[in-house]
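Along the sequence shown, residues are numbered consecutively beginning with 1.
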Amino acid sequence: MPIGGIESVVYGVDDLDVSARFYDDFGLKAVRRSDAEVVYRLDEGSRVVLRHAEDPSLPPCHYDGCGVRETFYGVDSREELAHYAERIGADREVRWSGDGDTIHFLADGGIPLGLRLWRRQPVVYAPDPVNAPDNVKRLNQHRRWRVRAVPKTINHVVWRVADIHACFAFFRDRLDFRMTDYQKDAGVFGRPAGAAQHHTVYFQKFDALPPFTQGFDHIAFGVEDIDEIYAGWNYMERRGYRNPLGGVGRHRIASALFCYFDAPCGGMAEYGADTDYLDDNWVPRVWEARFGGFMWTSRVLPFLPEELSWEVSLDQSALPQGAIPEKVRYPAEPAIDG
């Protein structure tokens, strides 16, 4: 099977205790704690590892500050691992570690990556059914009363880079990633062939949004539904953590709900829910960056005007000529009867 989801992310942090307290409050479950590292395990079997920034096991940091220093994707056979090692090693060093179950390398853009033997575990949860007028899915049953969020999956990692196209090209040509959507002059979304989630990596043009720096931006974790996101937001806010976007919102690209927090271990950590899932029949779309970025937000963000042009096109690069219209446009406001 080709590359699947994210097996682990490894942080380099300045203060291990403060960083661990953040992820404890965020809802991750620690399986190992020592003076050198803290390891969290999510329900799917993926891991978050916190280590001191000076830990010699970490690759050199290619950006300023703390954050994710290495990201590992999972493959489920040694044959696949050897296949990718050969392809990647055509023009760069590939280092093996463990018992021959892990390779390390640098992607274009200087991003440290790894592939590891790993089989993702199914996550068996179900959001509460949603009622609508005359469409009752939850009868004689109230919604669960949530107290906090408990992330189940690692959904994606986001990097701020100078050349979004070159960075994605490496993932496409060496790791068999698919482009799922493109924000014009702003970012590229991609997923590996063995994953159905809309994206596991996003390359954002570093100067598209503040703080206009290069390097690690955020990691997104999957929870069940909007109630869990809001409960997590309330829980984290009571403990003094800052939400840089002012609350919960929904992206138009990928359809996902979101809630971000500045993390003392570097970058941001995001609760996410209700994202799109895709197969290879999906046709990528080309978006105006701001229109694609946000469907709605808890408060109007400074870089969003009151209204945006409803504009999106389909990527025709892999389709027969004339298979789709040159441009698909939607009205700025849908008509309302009456």
Less than 4.0 Å between a side-chain N and a carboxylate O, is that true for R92 and D108? yes
Is it true that a side-chain atom of Y40 and a backbone atom of A20 form a donor plus acceptor pair closer than 3.5 Å? yes
Applying a strict under-4.5 Å side-chain criterion to I, L, V, M, F, W and Y, I'd like to know whether L278 and I154 cluster together. no
Looking only at the side chains, is there a donor atom on one of S46 and R120 sitting less than 3.5 Å from an acceptor on the other? no
Below 6.0 angstrom between ring centroids: does that apply to F177 and Y73? yes
Ring centre gap for Y23 and F221 strictly below 6.0 Å: yes
Interatomic spacing from CD1 in I103 to CG in L113 - rounded to 0.5 Å: 9.5 Å
Is there side-chain contact between V9 and V157, with at least one heavy-atom pair below 4.5 Å? yes
Between F22 and Y241, is the gap from one ring center to the other below 6.0 Å? yes
Minimum heavy-atom separation for V130 to K137, with atom names? O-CG, 3.3 Å
Is S298 reaching over with its side chain to a backbone N or O of V248, donor-acceptor style, under 3.5 angstrom? yes
Within the distance-only criterion (no hydrogens, no angle test), does the side chain of D276 pair as donor or acceptor with the backbone N or O of H198 below 3.5 angstrom? no
How close do Y63 and R69 get, heavy atom to heavy atom, and via which atoms? OH-N, 4.3 Å
When you measure from the centre of the six-membered ring of Y235, is the NZ or CZ of R239 closer than 6.0 Å and no more than 45° off the axis? yes
Flag if over 12 foreign heavy atoms under 6.0 Å of CG, D64: no
P112 and P60 have their tightest heavy-atom pair at CG-O, 4.4 Å
Step-by-step salt bridge (Lys or Arg N to Asp or Glu O under 4.0 Å) determination, K184 to E311: CA-CA 11 Å; K184 288 187 284 189; E311 181 181 322; 3.4 Å; yes
Counting heavy atoms not belonging to R138, are there more than 12 under 6.0 Å from its CZ? yes
Hydrophobic cluster membership, with links at side-chain heavy-atom distances under 4.5 Å among I/L/V/M/F/W/Y: are I164 and F206 in one? no
Keeping the roles fixed (side chain from K152, backbone from V150), state whether a donor-acceptor pair exists under 3.5 Å. yes
Any idea which heavy atoms bring P151 and V223 closest together, and the distance? CA-CG1, 3.8 Å
With respect to F170, which candidate in I111, I88, L106 satisfies the side chain to side chain contact (heavy atoms under 4.5 Å, CB included) definition? I88
If you group Ile, Leu, Val, Met, Phe, Trp and Tyr by side-chain heavy-atom gaps below 4.5 Å, do L304 and V312 land in one group? yes
Pair R116-D76, salt bridge (Lys or Arg N to Asp or Glu O under 4.0 Å): steps then yes or no: CA-CA 8 Å; R116 177 171 288 148; D76 63 2; over 6 Å; no
Do you know which two heavy atoms are closest between Y260 and H251, and how far apart they sit? OH-NE2, 2.9 Å
Quiz item: cation-pi between R47 and W118, 6.0 Å / 45°: no
Once you round to the nearest 0.5 Å, how far does NE2 of H83 lie from OG of S77? 10.0 Å
With side chains defined as the heavy atoms from C-beta onward, is the minimum distance between T180 and P284 less than 4.5 Å? no
Rounded to the nearest 0.5 Å, what separates atom CD in E70 from atom SG in C61? 12.0 Å
Going by heavy atoms in the side chains, are R191 and Q197 under 4.5 Å from each other? no
Tell me if a side-chain donor or acceptor on R146 pairs with a main-chain N or O of D227 at a distance below 3.5 Å. no
I'd like to know if the side chain of S34 and the backbone of A36 have a donor-acceptor N/O pair within less than 3.5 Å. yes
Does R285 make a cation-pi contact with Y182 (under 6.0 Å, within 45 degrees of the axis)? no
Verdict with reasoning, R242 to E237, per side chain to side chain contact (heavy atoms under 4.5 Å, CB included): CA-CA 7 Å; R242 177 177 176 267; E237 192 165 89; over 6 Å; no
Are E37 and V13 side-chain neighbours, meaning at least one heavy-atom pair lies under 4.5 Å? no
Centres of the F72 and H104 rings: under 6.0 Å? yes
Checking the side chain of H199 only, and the main-chain atoms of G190 only, is there a donor and an acceptor separated by less than 3.5 Å? no
Centroid separation F168 to F171 less than 6.0 Å: no
Tell me whether the centres of the aromatic rings in W159 and H218 are closer together than 6.0 Å. no
Could you list the residues that satisfy salt bridge (Lys or Arg N to Asp or Glu O under 4.0 Å) with D173, not counting sequence neighbours? none
Any salt bridge linking R290 with E288? Criterion: basic side-chain nitrogen under 4.0 Å from a carboxylate oxygen. yes
Taking atom CG of D99 as the centre, does the number of heavy atoms from other residues, nucleotides or ligands within less than 6.0 Å exceed 12? no
Just do the side chain to side chain contact (heavy atoms under 4.5 Å, CB included) check on L115 and E80 with the steps written out, would you? CA-CA 10 Å; L115 298 180; E80 285 286 343; over 6 Å; no
Supply the atom-to-atom distance D43 CG to T153 OG1, rounded to the nearest 0.5 angstrom. 9.0 Å
Enter the distance from C265:SG to L50:CG here, rounded to the nearest 0.5 Å. 6.0 Å
Gap between atom CG of L257 and atom OG1 of T275 - 0.5 Å precision: 9.5 Å
CA sep, side-chain torsions, deciding dist, call: D274, R250, side chain to side chain contact (heavy atoms under 4.5 Å, CB included): CA-CA 9 Å; D274 193 23; R250 188 183 286 275; 3.0 Å; yes
State whether a side-chain donor-acceptor pair under 3.5 Å links Q183 with Y202. yes
Within 6.0 angstrom of R119 CZ, more than 12 heavy atoms from elsewhere: no
Do F291 and W310 pass the ring pair (Phe, Tyr, Trp, His ring centres under 6.0 Å) test, and can you show the C-alpha distance, the side-chain angles, and the key distance before you say yes or no? CA-CA 7 Å; F291 176 68; W310 286 50; 5.7 Å; yes
Note, R51 side chain near L16 side chain (heavy atom, < 4.5 Å): no
Between D181 and I253, is there a donor-acceptor pair closer than 3.5 Å when you use the side chain of the first and the backbone of the second? no
Taking the side chain as every heavy atom from C-beta outward, state whether L245 and F258 have any atom pair closer than 4.5 Å. yes
Whether the side chain of R148 engages the backbone of E228 through a donor-acceptor N/O pair (distance < 3.5 Å, no angle test) should be reported. no
Could you walk me through whether T102 and W96 pass the side chain to side chain contact (heavy atoms under 4.5 Å, CB included) check? CA-CA 6 Å; T102 304; W96 290 80; over 6 Å; no
Please report the shortest heavy-atom distance between D15 and D17, naming the atom on each side. OD1-N, 3.1 Å
Quick check against the 3.5 Å criterion: does R160 have a side-chain atom that pairs as donor or acceptor with the backbone of L209? yes
Does the pair D279/R178 count as a salt bridge with the N-to-O cut at 4.0 Å? no
